[in-house]
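Everything on this sheet refers to the single structure shown next.
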Amino acid sequence: MERRAIVIVGPTCSGKTSLAINLALKLKSEIISADSRQIYKYLNIGTAKPSVPELNTVQHHFIDCFDPTELYNVSRYEKEVLKTLYILFDKNIVPVIAGGSGLYIKALVDGIVDIVDTDDEYRIELLKLKIEDGNEALYELLVKTDPVSAETMLPQNWKRIIRALEVYKLSGKFIWQLHEEQERNVDAEFIQYGLKWDREILYENINNRVDNMIESGLVEEVKTLLDKKYSPELNSLNTVGYKEIISYLQNEITLERAVELIKRNTRRYAKRQMTWFNRDKRIKWIEINSANQLDNIAEFIYTDVYK
RNA sequence: GGGCAGAUAGCUCAGUCGGUAGAGCAAAGGACUGAAAAUCCUUGUGUCGGCGGUUCGAUUCCGUCUCUGCCCA
């Protein structure tokens, strides 16, 4: 039996959602979201989550699964998606995976180091070291324990340093060793397509979408979350569109400024996504400069997959 | 019509006592393996508004024109 999945990537606001639905309908398939924020409940407007009618059109997985207090991560995602994938493969379905979280997709396609868990206590200890003695102290510790990894990391990038130290403490192995030993965790073919927009048009669309989000009640959505006593410190709320509105609600900036920042930060996010995806030479890029082309693109992918 | 103040990077401006210029923002490029919408790194050549003049040399001084803003008629 052939195990195949279609993967749709691209920057935020590139039309992945509607393309995935369109394709899934043609393929009589289901959609697996690869989005680290749409997986949370109540984060709807700001994450541009598919609408309720859209969610009802095609079966979606990994959307609206967790409370914002939940600490989610790539490894959990990978393990859970693999289970879902096998269920779909068994039903002879070609799943449509769509999303903008590059690392999540990479974890599926190439596997990820998932034998080493997290150590929250140790993380806190290291974080304390960073805060009290600075990035350099943290970096020095890495130089001592894992000089090879230290070579590839800068002292300022404390998140990567903490993870490298954590992996060593928990497994006694260096993180780079584990990367070298890493193998794929699934036996399937992933056919990846990327939506490549003209930069200027994409940015214009992003700006417009942010304005629409505000009109649709993004401020209310964030206010409701805070009223429900969700902490602004939550990772789930450390998200473009949410952190800026939180800062507005806490009277740190004006709404106008918040909107400006959301637009800018979304543009930068889109750019980072493009940088990430550009590196993967297996992705087939499809040029697009208007949402009207999405139907044709769905048709193209459909025939491309079955050619 | 007259007066004054401007015109320098995509934007807002600084600066050069004459030796062709630099900040902030925007932007661009990149890294990334359990927080990834996270976290982090690198990057500033632009007819210094046009044309003339003075000068070895003008973006800088002078003249003039154009445009913008303000004021007076």
Side-chain angles (χ1 to χ4, degrees), chain A residues 11-14 16 33-40 43 45-49 68-80 99-120 122-124 126-127 130 135 138-139 149 151-167 169-171 173-185 199-200 203 206-207 209-210 213 233-245 257 260-280:
Chain A
T12 185
C13 208
S14 57
K16 298 186 293 293
S33 162
D35 189 303
S36 69
R37 303 293 136 132
Q38 290 183 6
I39 201 153
Y40 290 110
L43 308 193
I45 299 171
T47 61
K49 199 178 278 177
T69 51
E70 191 91 10
L71 273 178
Y72 202 67
N73 61 49
V74 211
S75 177
R76 280 184 67 183
Y77 175 78
E78 186 223 12
K79 287 172 190 157
E80 286 157 16
S101 299
L103 181 60
Y104 283 26
I105 288 166
K106 184 170 171 54
L108 284 185
V109 175
D110 297 323
I112 193 170
V113 174
D114 56 8
I115 50 168
V116 184
D117 212 330
T118 58
D119 183 334
D120 292 340
Y122 189 50
R123 279 190 182 194
I124 289 166
L126 292 174
L127 213 50
K130 166 196 149 54
N135 290 330
L138 191 64
Y139 186 69
S149 288
E151 285 280 310
T152 68
M153 297 179 194
L154 288 166
Q156 298 94 315
N157 208 331
W158 52 276
K159 279 196 183 184
R160 292 186 62 208
I161 296 174
I162 287 180
R163 176 60 184 163
L165 288 168
E166 178 181 64
V167 166
K169 177 172 185 270
L170 256 37
S171 68
K173 283 191 166 185
F174 299 124
I175 192 166
W176 57 267
Q177 273 180 313
L178 296 172
H179 291 165
E180 280 178 3
E181 294 163 12
Q182 178 63 44
E183 284 177 5
R184 298 181 71 204
N185 294 322
R199 184 76 62 99
E200 258 180 57
Y203 281 6
I206 286 174
N207 293 342
R209 191 175 73 177
V210 172
M213 283 177 177
E233 311 294 323
L234 287 172
N235 182 243
S236 58
L237 294 183
N238 184 196
T239 298
V240 176
Y242 292 82
K243 53 187 172 191
E244 298 85 354
I245 296 296
R257 178 69 182 147
E260 240 172 63
L261 286 174
I262 295 174
K263 288 178 181 173
R264 185 199 68 184
N265 293 340
T266 306
R267 274 181 251 129
R268 289 180 177 175
Y269 168 48
K271 196 170 164 309
R272 263 176 278 135
Q273 289 176 301
M274 290 186 265
T275 300
W276 176 281
F277 291 125
N278 275 338
R279 201 169 52 162
D280 193 332

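Convention: sequence-line order gives letters A, B, ...; per-chain numbering from 1.
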Can you tell me the distance, in whole Å, between the [atom1] atom of [X] and the [atom2] atom of [N]?
X: A:Q273; N: B:A31; atom1: CD; atom2: C1'; result: 16 Å
X: A:L103; N: B:A37; atom1: CG; atom2: P; result: 8 Å
X: A:W276; N: B:U39; atom1: CH2; atom2: P; result: 15 Å
X: A:L154; N: B:G30; atom1: CG; atom2: P; result: 17 Å
X: A:R272; N: B:A27; atom1: CZ; atom2: P; result: 12 Å
X: A:E166; N: B:U33; atom1: CD; atom2: P; result: 13 Å
X: A:N73; N: B:G34; atom1: CG; atom2: C1'; result: 4 Å
X: A:N135; N: B:C41; atom1: CG; atom2: C1'; result: 13 Å

Of the nucleotides [options], which has the atom closest to the [X] side chain?
X: A:H179; options: B:C40, B:U33, B:A27; result: B:U33
X: A:L127; options: B:A27, B:A35, B:U39; result: B:A35
X: A:T118; options: B:A36, B:G30, B:G34; result: B:G34
X: A:K79; options: B:A37, B:G34, B:C41; result: B:G34
X: A:S101; options: B:A37, B:U33, B:A36; result: B:A37
X: A:N238; options: B:G34, B:U39, B:C40; result: B:U39
X: A:R199; options: B:G29, B:C41, B:U33; result: B:G29

Answer with base, sugar-phosphate or nothing: what part of the nucleic acid does [X] contact at a heavy-atom distance below 4.0 Å?
X: A:G46; answer: base
X: A:T239; answer: base
X: A:I112; answer: base
X: A:T152; answer: nothing
X: A:D35; answer: base
X: A:K243; answer: sugar-phosphate
X: A:V167; answer: nothing
X: A:D110; answer: nothing
X: A:Y77; answer: nothing
X: A:I162; answer: nothing

Is the closest side-chain heavy-atom distance between [X] and [Y] below 4.5 Å?
X: A:R163; Y: A:M153; result: no
X: A:N235; Y: A:R37; result: yes
X: A:W276; Y: A:R272; result: no
X: A:Y122; Y: A:L165; result: yes
X: A:K271; Y: A:Y203; result: yes
X: A:R267; Y: A:N207; result: yes

Seminar exercise, completed: The salt bridge (charged side-chain N to carboxylate O under 4.0 Å, His left out) partners of A:R123 (sequence neighbours excluded) come to A:E166
If you compare every side-chain N and O of [X] against the phosphate oxygens of [N] (OP1, OP2), does one of them come in below 4.0 Å?
X: A:N278; N: B:G30; value: no
X: A:Y203; N: B:A28; value: yes
X: A:R160; N: B:A31; value: no
X: A:W158; N: B:C40; value: yes
X: A:R123; N: B:A35; value: yes
X: A:Q182; N: B:U33; value: no
X: A:S36; N: B:A37; value: yes
X: A:R163; N: B:U33; value: no
X: A:Y242; N: B:A37; value: no
X: A:R37; N: B:A36; value: yes

Whole-angstrom distance between [N] and [M], as gauged at atom [atom1]:
N: B:C4; M: B:U64; atom1: P; value: 11 Å
N: B:A21; M: B:C48; atom1: C1'; value: 8 Å
N: B:U54; M: B:A9; atom1: C1'; value: 30 Å
N: B:G22; M: B:G63; atom1: C1'; value: 30 Å
N: B:U8; M: B:U59; atom1: C1'; value: 8 Å
N: B:C40; M: B:U33; atom1: P; value: 14 Å
N: B:U43; M: B:A37; atom1: C1'; value: 24 Å
N: B:A36; M: B:A14; atom1: C1'; value: 39 Å

Seminar exercise, completed: Nearest-nucleotide check on RNA chain B, A:R268 vs A:S75; residue mapping nearer the 5' end is A:R268
By side chain to side chain donor-acceptor pair (under 3.5 Å) - contacts of [X] (at least two apart):
X: A:N135; answer: A:K130
X: A:R257; answer: A:E260
X: A:Y72; answer: A:E80

For this session: Starting at the 5' end of RNA chain B, write a dot or bracket for each base, bracketing those in Watson-Crick or G-U wobble pairs whose two distances are under 3.5 Å and using | for partners on another strand.
Result: (((((((..((((.....[..)))).(((((.......))))).....(((((..]....)))))))))))).
Can you give me every donor-acceptor pair (side chain of residues 100-107 of chain A, partner residue at least two apart or in another chain, under 3.5 Å) with its distance?
{"unit_1": "A:S101", "atom_1": "OG", "unit_2": "A:S36", "atom_2": "N", "d": "2.9"}
{"unit_1": "A:K106", "atom_1": "NZ", "unit_2": "A:D110", "atom_2": "OD2", "d": "3.1"}

Problem set entry | Base B:G34 to side chain A:R76, donor-acceptor N/O within 3.5 Å cut-off | no
Seminar exercise, completed: Minimal heavy-atom distance between A:L154 and A:I161, with the atoms involved, is O-CD1, 3.5 Å
